[in-house]
There are 2 protein chains.
Amino acid sequence: MKQVRSPGQRAGLTQARVLEAAHELVADEGVAGLTMRALAGRLGVLPNALYSHVATKNALVDALLDDLLAQVAEPGADVEDPIDGLRTMMTSTFEVLVAHADLVGLYISRQGARGPNAQRLGEVMLRLLARLDVTGERAIDARRVLIVYTIGFAAFSPRGVADGPPLPAAKVAEDYAAGLDWLLTGIATRK
Amino acid sequence: MKQVRSPGQRAGLTQARVLEAAHELVADEGVAGLTMRALAGRLGVLPNALYSHVATKNALVDALLDDLLAQVAEPGADVEDPIDGLRTMMTSTFEVLVAHADLVGLYISRQGARGPNAQRLGEVMLRLLARLDVTGERAIDARRVLIVYTIGFAAFSPRGVADGPPLPAAKVAEDYAAGLDWLLTGIATRK
DNA sequence: ACCTGAACACCGTTCAAGT
DNA sequence: ACCTGAACACCGTTCAAGT
């Protein structure tokens, strides 16, 4: 890959530009198209130049996933019903993730790390759970159930888990909502 | 990779032997160690020889996953409480999958296909759901929720989704059981 | 500090040829 | 039909060197 810049001129890469190009690459070519070499090509740079800005490809995937979570709608602190707050938040998370389901699958397969956005959302969840009198270890457990359920559904959404033709997106969202209600009811009533 | 067989002597590979060696390889080296080349080496054969017995590596992973599901304990047809039957079955599925969590992650990341064992278990689930008067499309939906929940939890189990040190396995199983109860209660009461 | 040049140590898969 | 030999078209990552 020859570069078109005149010699000595810097590419001027930055971590933000690398992440931005990576998002575009995944959008254009799918997660299978996300290779360090393709990403470098898109940035007009040799593959190894990326390692001045990201530690590894895995770290890059973690960062991409956490970036997505910045789009999740948080309920306002003044929401009346904490169950509604949790439902809103988890549904928003599901919608954001389901739009990038292949990336989520890659993330799961690596037992992805948790970034700053994930951490922030996790704290909002704990506050809402506390208002349901679910605290301490029980709150941690309930949160884990909600997160695993949401991420799992998003990862599976493109083809579903049953036989037959691909599922319509609306159907998947409906099923997700039904299961979410069951979980929230169970959590709230400490069954 | 030189072969030790005398020339002209066949390796005598079969699909079953390839799958068996693949299971051993994953057990010994983890899912990252599952490469066509390593698998061939273990069988005393060149990498491309495998393609006489498996179509692609993805097909091999699908077959490995479905093999695992052969170990799932089905409730007897005479089980009194269908909820107990579902709980037993899903918990057994969870336990089998959690013992091979990395393989499950790989499966999810590829939107894995469904094999014969998965299909058989799915039919047992529908029969149990029917005894709860959950039939038709509602049954398909409930089943999908249960399966996604179970597989998702198994895939995430090694490190968990919250911060801090790795979770003890007993803790994960406990959380899984709690969420499963919420889901089953919700399904049975058609909330 | 940031990037190039070159290489290392791998991958999955295909194809022609032998038996 | 099953396997070898050889290759194709890739990967992620490292290291030394230039600026």
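Every chain is numbered from 1, with letters handed out A, B, ... down the list of sequences.
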Would you say C:dA1 has OP1 or OP2 under 4.0 Å from some side-chain N or O of A:H53? no

Whole Å only: how far is the CG atom of A:L13 from the P atom of C:dC3? 5 Å

Could you check if a side-chain atom of B:V31 sits within less than 4.5 angstrom of a side-chain atom of B:Y107, using non-hydrogen atoms only? no

Of B:A49 and A:T35, the one whose nearest nucleotide on DNA chain D sits closer to the 5' end is B:A49

Counting C-beta onward and ignoring hydrogens, is there a side-chain heavy-atom pair between A:I83 and A:L128 closer than 4.5 Å? no

Picking from D:dT13, C:dC3, C:dT13, which would you name as closest to the side chain of A:S52? C:dC3

Ion pair A:E123/A:R120, N-O distance below 4.0 Å: no

Salt bridge between B:D141 and B:R144, side-chain N to carboxylate O under 4.0 Å? yes

What's the gap between C:dC3 and D:dC15 when it is taken at their C1' atoms, as a whole Å value? 13 Å

Quick one: do B:R110 and B:D62 make a salt bridge, cutoff under 4.0 Å? yes

If D:dT19 has a Watson-Crick or G-U wobble mate with both distances under 3.5 Å, name it; if not, just say none. C:dA1

How many Å lie between CG on B:L106 and P on C:dC11, as a whole number? 15 Å

Among D:dG12, D:dC3, C:dG12, the one nearest any side-chain atom of B:Y51 is C:dG12

B:L39 CG to C:dC11 P, straight-line distance once rounded to whole Å: 12 Å

Options C:dC3, D:dT13, C:dT13, nucleotide nearest the side-chain atoms of A:V45: C:dC3

Separation of D:dT13 atom P from A:K57 atom NZ, nearest Å, is 8 Å

Who is the Watson-Crick or G-U wobble partner of D:dT14, with both distances under 3.5 Å? C:dA6

B:L50 CG to D:dA1 P, in whole Å, measures 19 Å

Take the protein atom CG of B:L34 and the nucleotide atom P of C:dC11, then report the distance between them rounded to whole Å. 11 Å

May I have the distance from B:Q15 (atom CD) to D:dC2 (atom P), rounded to whole angstrom? 11 Å

How many whole angstroms separate atom CG of B:L46 from atom C1' of D:dT4? 6 Å

D:dC10 versus C:dC8 - spacing of their C1' atoms, nearest Å: 15 Å

